[in-house]
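Report on the following structure.
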2 protein chains.
Amino acid sequence: MSRSRQDVIEVAGRLFAERGYHATSMRALGRELGLLGSSLYAHIQSKEELLVAVVEDGARFFGAAAAAAVGDTPEAELKSLVAGHLRVIAEHPNQARTFLAEARSLDQALCDRIIAARDHYEEAFRTVLRKGIADGSFRVDLDPKTGSIFILSMLNAVERWYHPDGPMDQDALAATLSDFALRAMRR
Amino acid sequence: MSRSRQDVIEVAGRLFAERGYHATSMRALGRELGLLGSSLYAHIQSKEELLVAVVEDGARFFGAAAAAAVGDTPEAELKSLVAGHLRVIAEHPNQARTFLAEARSLDQALCDRIIAARDHYEEAFRTVLRKGIADGSFRVDLDPKTGSIFILSMLNAVERWYHPDGPMDQDALAATLSDFALRAMRR
DNA sequence: CCTACCGATCGGTAGG
DNA sequence: CCTACCGATCGGTAGG
């Protein structure tokens with residue numbers, strides 16, 4: 001049963017998300033794929049390369065979600081951003097979680113790039129808050145930077161408590177969270 | 001320069017918070033204290049015992065903060081809970097961060113106890129939200145469980161972005177965050 | 001992708 | 001608290 005590089009990255013993402021990067025050994029990763037730890041090096045050059053691949057997948061998914069967000073009004077656009085974020089978490093939980101939690105396990109230069117990617121993503125939220133302040137729909141006395149951090153804090157925590165098979169489906173969560181944020185932002 | 005058990009736990013908390021439990025070796029911890037890794041075992045029995053001690057400190061600090069929160073109204077009590085949480089983060093950042101982030105590095109039984117402690121803390125937030133719903137100050141259409149998760153998500157993320165020497169001091173952050181939460185909760 | 005390793009490092013111990 | 005270790009495991013390599 002031959003494995004592709006993509007298979008390796010996929011399973012690595014799952015283990016990094018479940019146990020963390022440092023707690024995942026190459027032998028454990030190999031076992032999960034039905035091969036030896038040393039055999040993984042036919043597909044990759046180093047363990048860190050795996051983390052980079054998973055984290056960059058996460059960065060791409062969030063980046064694409066931000067770029068795809070649309071709305072006629074700042075309120076609608078913020079709702080779209082929130083829904084997009086939750087979709088990434090639902091569809092790519094391992095990459096999302098690793099992107100959000102394991103950057104510090106990368107060396108300085110790579111870690112900086114991830115932080116830059118997260119900042120770029122956060123900028124989409126800041127921008128929509130700024131638009132809402134400018135057009136009078138959002139209040140003036142909360143700066144967009146702080147507001148976007150609050151909203152992203154709630155979004156980023158979702159993967160730690162939310163179970164899609166619970167009482168709230170994904171759309172209901174998106175609506176509840178957007179509503180919470182919008183009530184706090186409206187003037 | 002002799003070191004006490006408390007010194008060891010203190011510095012371990014700092015390294016666990018900075019690098020994570022698995023990324024902290026006993027030799028690195030010893031170096032930080034001016035001794036060899038093996039010498040640490042004069043003060044402790046195992047590495048995991050250190051994590052338990054740090055995490056339990058965190059649990060105690062948050063538990064005490066919840067117990068100390070007071071307020072004439074649900075609004076005031078929620079503000080007090082928020083301020084207390086931020087005080088714990090400010091005064092005991094390493095224990096707070098390790099308590100919030102490194103529970104999964106503990107074995108099952110200990111991890112369960114930490115999750116129970118976190119749930120007990122969260123219960124203080126659920127209770128005040130329930131009181132506010134009961135007395136008509138908070139809205140009925142957001143259940144206390146979800147509301148408390150949203151508020152705690154914002155609080156728990158604080159240590160990842162907030163710098164007390166920045167433009168917002170601790171009281172300003174408490175006021176801003178409480179205000180955000182209360183606007184979202186009021187009916 | 002396996003066999004057979006490598007040096008480094010891990011948490012931890014015995015004895016002083 | 002150090003010296004001198006232990007077995008286990010780590011990420012990784014050479015050669016097939």
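Just so it is clear, the model here is predicted, and its values are computed rather than measured.
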Residue pair B/H43/A/S39 against DNA chain D: nearer the 5' end by closest nucleotide is B/H43
Is any side-chain N or O of A/Y41 closer than 4.0 Å to OP1 or OP2 of D/dG12?
yes
Rounded to whole Å, please give me the gap between CZ in A/R31 and P in C/dC1.
17 Å
Here the distance between atom P of C/dC10 and atom NZ of B/K47, to the nearest Å, is 9 Å
Are any of the side-chain nitrogens in B/D119 or B/R126 under 4.0 Å away from the carboxylate oxygens of its partner?
yes
Closest to the B/L35 side chain, choosing from C/dC1, D/dC1, C/dT3:
D/dC1
Would you mind reading off the distance between B/E48 atom CD and C/dG11 atom P, rounded to a whole angstrom?
12 Å
So, B/Y121 versus B/H85, ring centres under 6.0 angstrom or not?
yes
To the nearest angstrom, the CG-C1' distance between A/L29 and D/dC10 comes to 14 Å
A/L36 atom CG is separated from D/dT13 atom C1', nearest whole Å, by 14 Å
Salt bridge present between B/R130 and B/E123 (N-O < 4.0 angstrom)
yes
Dot-bracket, DNA chain C: Watson-Crick or G-U, under 3.5 angstrom, [ ] crossing, | other strand?
||||||||||||||||
Please state whether the phosphate of C/dC10, meaning OP1 or OP2, lies under 4.0 angstrom from any side-chain nitrogen or oxygen of B/S25.
yes
Does A/R183 come within less than 4.0 Å of A/D179, counting only side-chain N to carboxylate O?
yes
Give the rounded distance in Å between these two atoms: NE2 of B/H22 and P of C/dC10.
14 Å
B/R27 CZ to D/dC1 P, in whole Å, measures 17 Å
Looking at B/E18 and B/R14, is any side-chain nitrogen of the basic one under 4.0 Å from a carboxylate oxygen of the acidic one?
yes
Is the shortest distance from a Lys or Arg side-chain nitrogen in B/E102 or B/R97 to a carboxylate oxygen in the other one below 4.0 Å?
no
Shared ILVMFWY cluster between A/F16 and A/L110, side chains joined below 4.5 angstrom?
yes
Candidates D/dC10, C/dC1, D/dG12 - which lies nearest the side chain of A/S38:
D/dG12
Between CE of B/M26 and P of C/dA8 the distance, given in whole Å, is 23 Å
